[in-house]
Amino acid sequence: MSSPFTGLCRYPIVQAPMAGGACGPELAAAVGEAGGLGFLAAGYRTADGMHHEVERLRGMTGRPFGVNLFMPQPRVADPGAVEVYRHELAAEAARYETPLGDPDDGGDDGYDAKVAILLDAPVPVVSFTFGCPTREVLDAFAAAGTLTVVTVTSAEEARDAGRAGAGALCVQGAEAGGHRSTHRDDPRASLDGTGLLTLLAEVREAVDLPVVAAGGLMRGSQIAAVLAAGADAAQLGTAFLPCPESGAHPLHKQALTDPLFATTALTRAFSGRPARGLVNRFLREHGPYAPAAYPQVHRLTAGLRRAAAEAGDAQGMALWAGQGHRLARELPAGELVALLAAETDAARAALSVRSPR
């Protein structure tokens with residue numbers, strides 16, 4: 001591993017920040033104590049809620065950790081398209097006996113307040129999703145001693161982040177579970193993205209910044225592969241979902257290896273932004289009709305998703321997962337980090353033995 005991650009974690013293993021409750025202080029602390037880099041997800045939390053989780057995590061471990069922030073989103077959604085989708089979901093509201101949410105209820109996820117808190121009481125790492133902060137914000141974090149990591153899905157976004165002053169990049173391949181972290185959601189663009197290894201090569205040629213690779217990684221052999229391809233560390237999300245320290249719903253954990261959920265797809269059905277999840281009834285029925293309207297669709301479906309979970313119906317839940325979900329292992333987070341590290345070392349050693357001299 002090379003700077004700046006050498007001083008942050010013993011192993012080149014980063015636990016992905018998964019918004020929505022999957023990764024809290026318990027998971028981040030367990031990963032950090034085992035030698036990885038744990039993360040908190042501030043997305044969908046209030047600024048006070050984020051601050052509370054940061055303080056809880058500080059009380060659980062002295063290891064470095066990170067906090068992920070959602071960038072404010074421009075208001076580009078077509079209100080008419082959102083209203084059409086509301087009518088599309090009327091039957092779901094009746095099925096779960098719950099009203100649809102107000103698509104306009106909410107602001108910018110408290111971005112400015114969260115930035116102020118993290119500058120006042122700095123954490124080792126802050127990463128960003130759905131865009132790139134201004135140079136002023138990135139410089140302020142750097143002055144506070146915080147490493148900034150901007151998530152990118154293309155070489156163009158990587159160049160923009162480099163020009164803005166990002167300290168490092170998280171390169172997210174199309175295999176990744178959850179939301180695609182594109183800086184702009186173009187409704188005319190295909191939902192397909194670039195695979196991790198190809199994207200990693202493109203980004204490495206475009207900018208000279210430390211890189212964390214993310215997207216479908218579940219085994220140490222895959223971590224070794226992205227390290228060989230030029231990454232400084234690997235970020236895994238789905239791999240940590242089944243851990244007992246994870247806050248993911250039990251049905252979500254079970255679905256990862258349930259033969260009923262055989263594949264994943266990118267969809268706007270649940271949030272209005274492309275996100276990869278296990279293919280279930282809701283995704284199949286509503287994905288083709290969902291508009292590019294984030295966070296309006298996220299707010300619209302929030303009650304439906306909660307009601308489905310309360311009813312024990314995984315077919316109505318947002319089951320975010322990467323393409324490697326069938327490789328999920330139900331292990332304590334510390335054991336998983338140790339196993340991944342051992343697998344990585346073994347794969348790198350085997351590669352060294354096979355390499356021509």
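Residue numbers run from 1 in the order of the sequence given. What you see is a predicted model, and the numbers here were worked out from it, not measured in a lab.
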> With the 4.5 Å side-chain cut-off for hydrophobic clustering, are Val297 and Val84 part of the same group?
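Per the 4.5 Å side-chain linkage, Val297 and Val84 are not co-clustered.
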
> Check whether any side-chain heavy atom of Arg284 lies under 4.5 Å from a side-chain heavy atom of Val279, and answer yes or no.
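Yes. Closest side-chain heavy atoms under 4.5 Å.
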
> Tell me whether Ser181 contacts the main-chain N or O of Val152 through its side chain, where contact means a donor paired with an acceptor under 3.5 Å.
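Not confirmed, Ser181 side chain does not pair with Val152 backbone.
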
> Given 3.5 Å as the limit, does a donor-acceptor pair link the side chain of Arg204 with the main chain of Leu199, or not?
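Checked: no pair found.
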
> Counting distance only, does the side-chain N/O of Thr238 pair as donor-acceptor with the main-chain N or O of Gly322 below 3.5 Å?
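Looks like yes, one N/O pair under 3.5 Å.
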
> Do Leu278 and Leu283 share a hydrophobic cluster (ILVMFWY, side-chain heavy atoms under 4.5 Å, transitive)?
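Not linked; separate clusters.
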
> Using the ring of each side chain (for Trp, its six-membered ring), is Phe70 parallel, tilted or perpendicular to Phe130, with breaks at 30° and 60°?
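Correct class here is tilted.
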
> Aromatic ring centroids of Tyr44 and His298 under 6.0 Å?
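When the ring centroids of Tyr44 and His298 are compared, they turn out to be within the sub-6.0 Å range.
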
> Step through the shown structure and confirm whether more than 12 heavy atoms of other residues, nucleotides or ligands are within 6.0 Å of CG on Asp208.
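At most 12 heavy atoms, drawn from other residues, nucleotides or ligands, come within 6.0 Å of this atom.
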
> Does His51, at its NE2 atom, have more than 12 non-hydrogen atoms belonging to other residues, nucleotides or ligands within less than 6.0 Å?
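It does not: His51 NE2 has 12 such atoms or fewer within range.
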
> Return yes if some donor-acceptor pair links the side-chain N/O of Asn280 with the main-chain N/O of Ala314 below 3.5 Å, else return no.
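Flag set: sc Asn280 to bb Ala314 pair under 3.5 Å.
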
> Are any non-hydrogen side-chain atoms of Thr301 and Leu89 less than 4.5 angstrom apart?
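When only atoms from C-beta onward are counted, Leu89 and Thr301 do touch, with a gap below 4.5 Å.
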
> Determine, for Arg268 against Asp185, whether the closest basic-nitrogen to carboxylate-oxygen distance falls under 4.0 angstrom.
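Salt bridge flag = yes for Asp185 with Arg268.
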
> Could you walk me through whether Leu169 and Val149 pass the side-chain contact (heavy atoms from CB on, under 4.5 Å) test, one step at a time?
CA-CA 5 Å; Leu169 304 174; Val149 182; 5.6 Å; no

> Is the closest basic N to carboxylate O distance between Arg56 and Glu26 below 4.0 Å?
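Here Arg56 pairs with Glu26 in a salt bridge, since their nearest N and O are under 4.0 Å apart.
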
> Within a strict 4.5 Å, meaning less than it, do heavy atoms of the Phe128 and Thr151 side chains meet?
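A side-chain contact is absent here, since even the closest heavy-atom pair is not under 4.5 Å.
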
> Nearest 0.5 angstrom please: Leu57 CG to Arg63 CZ, how far?
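It is 12.0 Å, given to the nearest 0.5 Å.
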
> Is the closest side-chain heavy-atom distance between Arg75 and Gln296 below 4.5 Å?
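Yes. Closest side-chain heavy atoms under 4.5 Å.
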
> Can you list the steps and then say if Gln222 with Leu197 is a side-chain contact (heavy atoms from CB on, under 4.5 Å)?
CA-CA 10 Å; Gln222 295 171 298; Leu197 288 178; over 6 Å; no

> Where is the tightest heavy-atom contact between Ala19 and Gly43, given as atom of each residue plus distance?
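For Ala19 and Gly43, the tightest heavy-atom pair comes out as CB-O, 3.8 Å.
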
> If you look at every heavy atom in Ala164 and Cys132, which pair is closest and at what distance?
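Looks like CB-SG, 3.7 Å.
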
> What residues join Leu327 in its hydrophobic cluster, counting side-chain heavy atom gaps under 4.5 Å, either direct or through other members?
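Members besides Leu327, by chain and number: Met218.
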
> Pairing donors with acceptors under 3.5 angstrom, does anything connect the side chains of Glu157 and Thr153?
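Yes, because at least one side-chain N or O of Glu157 sits under 3.5 Å from a partner of the opposite role on Thr153.
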
> Within the structure provided, determine whether Val150 and Pro133 are in side-chain contact (heavy-atom separation under 4.5 Å).
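Contact flag for Val150/Pro133 side chains = yes.
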
> Do Val211 and Leu138 belong to the same hydrophobic cluster, where Ile, Leu, Val, Met, Phe, Trp and Tyr are linked whenever their side-chain heavy atoms lie under 4.5 Å apart, directly or via other members?
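Val211 clusters together with Leu138.
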
> Flag the pair Arg329 and Glu335 as a salt bridge only when some basic side-chain nitrogen lies within less than 4.0 angstrom of an acidic carboxylate oxygen.
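No, Arg329 and Glu335 are not salt-bridged.
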
> Counting distance only, does the side-chain N/O of Glu343 pair as donor-acceptor with the main-chain N or O of Gly220 below 3.5 Å?
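Here the side-chain-to-backbone pair exists.
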
> What is the distance from atom CZ of Phe261 to atom CG of Leu256, rounded to the nearest 0.5 Å?
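Rounded to the nearest 0.5 Å, the CZ-CG separation comes out at 10.0 Å.
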
> Do other residues, nucleotides or ligands put more than 12 heavy atoms under 6.0 Å from Glu330 CD?
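Atom CD in Glu330 is not crowded, with 12 or fewer foreign heavy atoms closer than 6.0 Å.
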
> May I ask you to test the Arg180-Arg273 pair for a side-chain heavy-atom distance under 4.5 Å?
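No; the side chains remain at least 4.5 Å from each other.
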
> Do Leu336 and Val31 share a hydrophobic cluster, counting only Ile, Leu, Val, Met, Phe, Trp and Tyr and linking them when any side-chain heavy atoms are less than 4.5 Å apart?
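As far as the 4.5 Å side-chain criterion goes, Val31 and Leu336 are connected within one cluster.
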
> Grab the two heavy atoms, one from Pro210 and one from Pro4, that are nearest each other, plus how far apart they are.
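Heavy atoms only, the tightest pair is CG-CD, 3.4 Å.
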
> Under the side chain to side chain contact (heavy atoms under 4.5 Å, CB included) test against Tyr11, which residue among Val337, Ile223, Leu37 passes?
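Exactly one candidate clears the test, Val337.
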
> Considering only heavy atoms from C-beta outward, does the side chain of Leu69 approach that of Thr129 to under 4.5 Å?
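No, every pair of side-chain atoms sits at 4.5 Å or beyond.
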
> Is there a side-chain contact (heavy atoms from CB on, under 4.5 Å) between Leu118 and Val123? Walk through the geometry before answering.
CA-CA 7 Å; Leu118 294 172; Val123 298; 4.0 Å; yes

> Given 3.5 Å as the limit, does a donor-acceptor pair link the side chain of Thr146 with the main chain of Ala142, or not?
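Pair absent, no side-chain N/O of Thr146 close to backbone of Ala142.
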
> Nearest 0.5 Å, what's the CD-OG1 distance between Glu202 and Thr194?
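Here the interatomic distance stands at 5.5 Å.
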
> Tell me if a side-chain donor or acceptor on Glu175 pairs with a main-chain N or O of Leu196 at a distance below 3.5 Å.
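The answer is yes, because a donor-acceptor pair under 3.5 Å joins these two groups.
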
> Determine, for Arg45 against Glu53, whether the closest basic-nitrogen to carboxylate-oxygen distance falls under 4.0 angstrom.
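Judged by the 4.0 Å cut-off on N to carboxylate O distance, Arg45 and Glu53 do form a salt bridge.
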
> For residues 215-258, which residue pairs pass the ring pair (Phe, Tyr, Trp, His ring centres under 6.0 Å) check, not counting sequence neighbours?
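Every candidate ring pair (Phe, Tyr, Trp, His ring centres under 6.0 Å) pair involving residues 215-258 fails, so no pair, neighbours aside, qualifies.
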
> Going by distance alone, is a donor N or O of one side chain under 3.5 Å from an acceptor N or O of the other, for His179 and Ser271?
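Their side chains do contain a donor-acceptor pair, which is all the 3.5 Å distance test asks for.
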
> Say whether, by atom type as modelled, one donor and one acceptor occur between the side chain of Lys114 and the main chain of Ala42 under 3.5 angstrom.
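Yes, Lys114 side chain to Ala42 backbone: donor-acceptor pair under 3.5 Å.
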
> Between CG of Leu340 and CD1 of Ile13, what distance do you get to the nearest 0.5 Å?
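It is 5.0 Å, given to the nearest 0.5 Å.
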
> So, the side chain of Thr148 versus the backbone of Gly167: is there a donor-acceptor pair under 3.5 Å, distance only?
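Side chain of Thr148 to backbone of Gly167: a pair is present.
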
> Can a donor-acceptor pair be found, under 3.5 Å and without considering hydrogens, that links the side chain of Asp109 to the backbone of Met71?
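No, because the side chain of Asp109 does not come within donor-acceptor range (under 3.5 Å) of the backbone of Met71.
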
> How long is the span from the OG atom in Ser246 to the CG atom in Leu241, to the nearest 0.5 Å?
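Reported to 0.5 Å precision, the distance equals 5.0 Å.
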
> If hydrophobic clusters are built by linking Ile, Leu, Val, Met, Phe, Trp and Tyr wherever their side-chain heavy atoms come under 4.5 Å apart, do Tyr96 and Leu319 end up in the same one?
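No, because Tyr96 and Leu319 fall into different hydrophobic clusters, even though each may have its own neighbours under 4.5 Å.
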
> Do you know the tightest heavy-atom contact between Ala347 and Ser221?
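Heavy atoms of Ala347 and Ser221 come nearest at CB-CA, 3.8 Å.
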
> For the rings on Tyr85 and Tyr289, is their centre-to-centre separation under 6.0 Å?
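Here the rings of Tyr289 and Tyr85 have centres that are no less than 6.0 Å from each other.
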
> Less than 4.0 angstrom from a charged side-chain N to a carboxylate O is my criterion; do Arg163 and Glu156 meet it?
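Glu156 and Arg163: not salt-bridged.
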
> Tell me, do Arg299 and Asp102 make a side-chain contact under 4.5 Å, heavy atoms counted?
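No - every pair of side-chain heavy atoms lies 4.5 Å or more apart.
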
> Can you name the closest pair of heavy atoms from Ala234 and Leu236 and give their distance?
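Ala234 and Leu236 have their closest heavy atoms at O-CD1, 3.7 Å.
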
> Given the rule in the side-chain contact (heavy atoms from CB on, under 4.5 Å) test, do Glu92 and Phe282 qualify, once you have shown the distances and angles that lead to the verdict?
CA-CA 9 Å; Glu92 297 289 346; Phe282 194 103; 3.8 Å; yes

> Could you walk me through whether Arg276 and Thr267 pass side chain to side chain donor-acceptor pair (under 3.5 Å), step by step?
CA-CA 6 Å; Arg276 184 174 296 281; Thr267 184; over 6 Å; no

> How many angstroms lie between atom CG of Leu191 and atom OG1 of Thr182, to the nearest 0.5 angstrom?
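Nearest 0.5 Å value for the CG-OG1 distance: 10.0 Å.
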
